[in-house]
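So the structure is just underneath, and the comments pick up after that.
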Amino acid sequence: MFDPIRKAFGKRKKSQRPELPAGTRAYAIGDIHGRLDLFEALTGAIERDVEQNAPAETTMILLGDLIDRGPDSAGVIRHARDWQPRCPKGCEVRYLMGNHEEMMIDAFKSVNIMRHFLKHGGRETILSYGVSEKQFNDATTAELQQMMKDLVPKADKAFIKSFEEIIILGDYLFVHAGINPEVPMDEQRKRDTRWIREPFLNSTRKHSHLVVHGHTIVENIVERPNRIGIDTGAYRYGILTALVLEGGEQRYIQAIEKKNGKIVIQKKDTAE
């Protein structure tokens with residue numbers, strides 16, 4: 001199923017500590033869910049981090065679920081799409097497909113999926129594209145579907161459709177939800193990469209690569225021998241996390257909303 005990356009599997013070194021190739025750096029950002037304020041603060045902090053460190057071939061990876069639940073999904077999509085031309089020289093921005101992006105795209109074609117989409121945060125996404133609460137409350141599901149077709153720019157739809165399933169850099173595999181540990185890597189299904197929880201989360205099996213993922217909300221970053229989970233609940237807890245990888249080092253940058261509404265940036269070397 002994932003033929004373009006088939007050859008990348010099975011090459012992880014026997015070293016205990018996963019690494020990126022020399023001269024490269026990666027920033028992986030967890031689920032944003034419409035929190036444009038946190039996203040803008042975090043991307044700004046990442047850009048400053050790039051400038052403050054030695055030059056490197058740098059990859060920014062958004063782990064999916066950019067949309068839904070939070071107040072400004074339309075703004076997040078716009079900011080994500082515009083990050084590549086604005087990104088510091090030598091950076092590449094890549095995007096992974098989450099289950100919420102899948103629901104949104106499928107909702108354009110199916111009223112039943114539209115109904116499911118609305119129940120899982122799609123309401124906030126539609127409002128962010130200019131539908132008023134009164135319009136939303138007075139409309140049928142079919143009418144809301146038509147509003148979304150009329151209001152979501154074709155560029156946004158095409159952008160979301162272009163999102164990837166799996167990204168591999170060095171000894172790391174980046175994916176939205178996880179992988180099925182009982183299935184060979186080159187046979188992973190989109191349903192699992194976008195939606196899986198178990199048996200992935202509780203698996204102790206050593207995978208071909210260390211898996212970096214979002215999808216499952218945690219109050220604190222989860223570090224396991226076979227995976228790192230960085231969906232720290234941007235819309236629920238007000239914390240958006242980026243995992244920074246360089247050589248054999250791992251560190252974190254977080255945008256955190258305080259009780260007074262102020263957003264601060266916090267950096268740390270471990271998840272503790």
Side-chain angles (χ1 to χ4, degrees), residues 1-5 28-36 39 60-84 92-131 135-136 139-167 173-180 187-197 200 213-217 231 234-235 240:
M1 178 176 177
F2 298 111
D3 287 338
I5 61 172
I29 299 176
D31 303 31
I32 302 165
H33 278 304
R35 287 298 306 265
L36 177 61
F39 186 35
M60 318 297 193
I61 300 173
L62 276 62
L63 294 179
D65 281 7
L66 283 66
I67 62 169
D68 295 349
R69 304 194 189 281
D72 198 355
S73 292
V76 169
I77 291 297
R78 182 174 58 252
H79 189 66
R81 190 182 62 235
D82 294 344
W83 198 14
Q84 180 64 68
E92 179 185 16
V93 186
R94 300 176 70 176
Y95 314 88
L96 287 167
M97 179 72 73
N99 59 306
H100 283 262
E101 283 82 26
E102 177 188 277
M103 282 191 288
M104 181 180 180
I105 293 301
D106 289 347
F108 283 99
K109 301 174 288 186
S110 166
V111 172
N112 286 335
I113 295 176
M114 183 72 186
R115 189 173 293 110
H116 184 68
F117 173 62
L118 295 175
K119 290 179 180 178
H120 292 85
R123 175 184 181 276
E124 289 78 10
T125 294
I126 291 176
L127 294 178
S128 76
Y129 277 100
V131 174
Q135 286 176 310
F136 184 93
T140 65
T141 303
E143 288 170 339
L144 289 169
Q145 182 190 51
Q146 187 59 51
M147 289 180 194
M148 192 167 75
K149 289 179 180 179
D150 294 339
L151 292 170
V152 175
K154 291 182 179 179
D156 284 12
K157 189 175 178 181
F159 172 62
I160 294 170
K161 283 185 172 182
S162 74
F163 289 6
E164 302 176 71
E165 293 298 326
I166 286 176
I167 296 170
L173 183 151
F174 304 85
V175 67
H176 173 63
I179 59 172
N180 186 336
E187 296 179 14
Q188 294 290 322
R189 302 182 305 163
K190 291 180 180 180
R191 176 73 186 178
D192 289 330
T193 61
R194 299 175 184 180
W195 290 88
I196 198 169
R197 297 193 198 278
F200 169 67
H213 67 96
H215 185 58
T216 299
I217 295 177
D231 179 2
Y235 83 92
L240 182 61

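Considering all non-hydrogen atoms of both residues, Ile160 and Met97 come closest at O-CE, 3.2 Å. Taking both residues in full, the closest heavy atoms of Ile196 and Asn180 are given as CD1-CA, 3.7 Å, listed atom of the first, atom of the second, then distance. The two residues Leu240 and Asp31 come nearest to each other via the heavy atoms CD1-O, 3.5 Å. Closest non-hydrogen pair, Asp156 versus Tyr129, comes out as OD2-OH, 2.7 Å. Here the closest heavy-atom approach between residue Ser128 and residue Ala74 is recorded as OG-N, 3.1 Å. In terms of heavy atoms, Val76 sits closest to Phe39 at O-CE2, 3.8 Å.
The line from CZ of Arg69 to CD1 of Ile217 is 6.5 Å long, rounded to the nearest 0.5 Å. Between Gln135 atom CD and Met147 atom CE the span is 5.5 Å, to the nearest 0.5 Å. Lys149 contributes atom NZ, which lies 11.0 Å from atom NZ of Lys109 (distance to the nearest 0.5 angstrom). Separating the CD1 atom in Ile167 from the OH atom in Tyr95 is a distance of 10.5 Å, to the nearest 0.5 Å. Atoms NE2 and CZ, on His213 and Arg197 in that order, are 10.5 Å from each other to the nearest 0.5 Å. A distance of 4.0 Å separates CE of Met148 from CZ of Phe108, quoted to the nearest 0.5 Å.
A donor-acceptor pair is defined here as one N or O able to donate and one able to accept, closer than 3.5 Å; such a pair exists between the side chain of Glu101 and the backbone of Leu66. Under a 3.5 Å cut-off, the side chain of Glu165 and the backbone N or O of Val175 do not form any donor-acceptor pair. A distance-only check finds a donor-acceptor pair linking the side chain of Asp65 to the backbone of His100 [under 3.5 Å]. Proximity of a side-chain donor or acceptor of Glu124 to a complementary backbone N or O of Ser73 within less than 3.5 Å is not detected. Proximity of a side-chain donor or acceptor of Arg35 to a complementary backbone N or O of Ala234 within less than 3.5 Å is detected.
In this pair, His176 and His215 present their aromatic rings perpendicular. The plane angle is above 60°, beyond the 30 to 60° band.
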Derivation of the side-chain contact (heavy atoms from CB on, under 4.5 Å) call for Gln145 and Thr141: CA-CA 6 Å; Gln145 182 190 51; Thr141 303; 5.7 Å; no

CA sep, side-chain torsions, deciding dist, call: Arg115, Val111, side-chain contact (heavy atoms from CB on, under 4.5 Å): CA-CA 6 Å; Arg115 189 173 293 110; Val111 172; 3.9 Å; yes

Step-by-step side-chain contact (heavy atoms from CB on, under 4.5 Å) determination, Ile29 to Leu62: CA-CA 5 Å; Ile29 299 176; Leu62 276 62; 4.2 Å; yes

Stepwise side-chain contact (heavy atoms from CB on, under 4.5 Å) test for Phe200 and Asp192: CA-CA 9 Å; Phe200 169 67; Asp192 289 330; over 6 Å; no

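Between Thr216 and Asp231, the closest side-chain pair of non-hydrogen atoms is not below 4.5 Å. Between His116 and Asn112, the closest side-chain pair of non-hydrogen atoms is not below 4.5 Å. With contacts defined as side-chain heavy-atom distances shorter than 4.5 Å, the pair Ile126/Leu118 qualifies. Looking at heavy atoms from C-beta onward, Trp195 lies in side-chain contact with Glu102 at the 4.5 angstrom threshold.
Defined by atom type and a distance below 3.5 Å, a donor-acceptor pair is missing between the side-chain atoms of His120 and Asp68.
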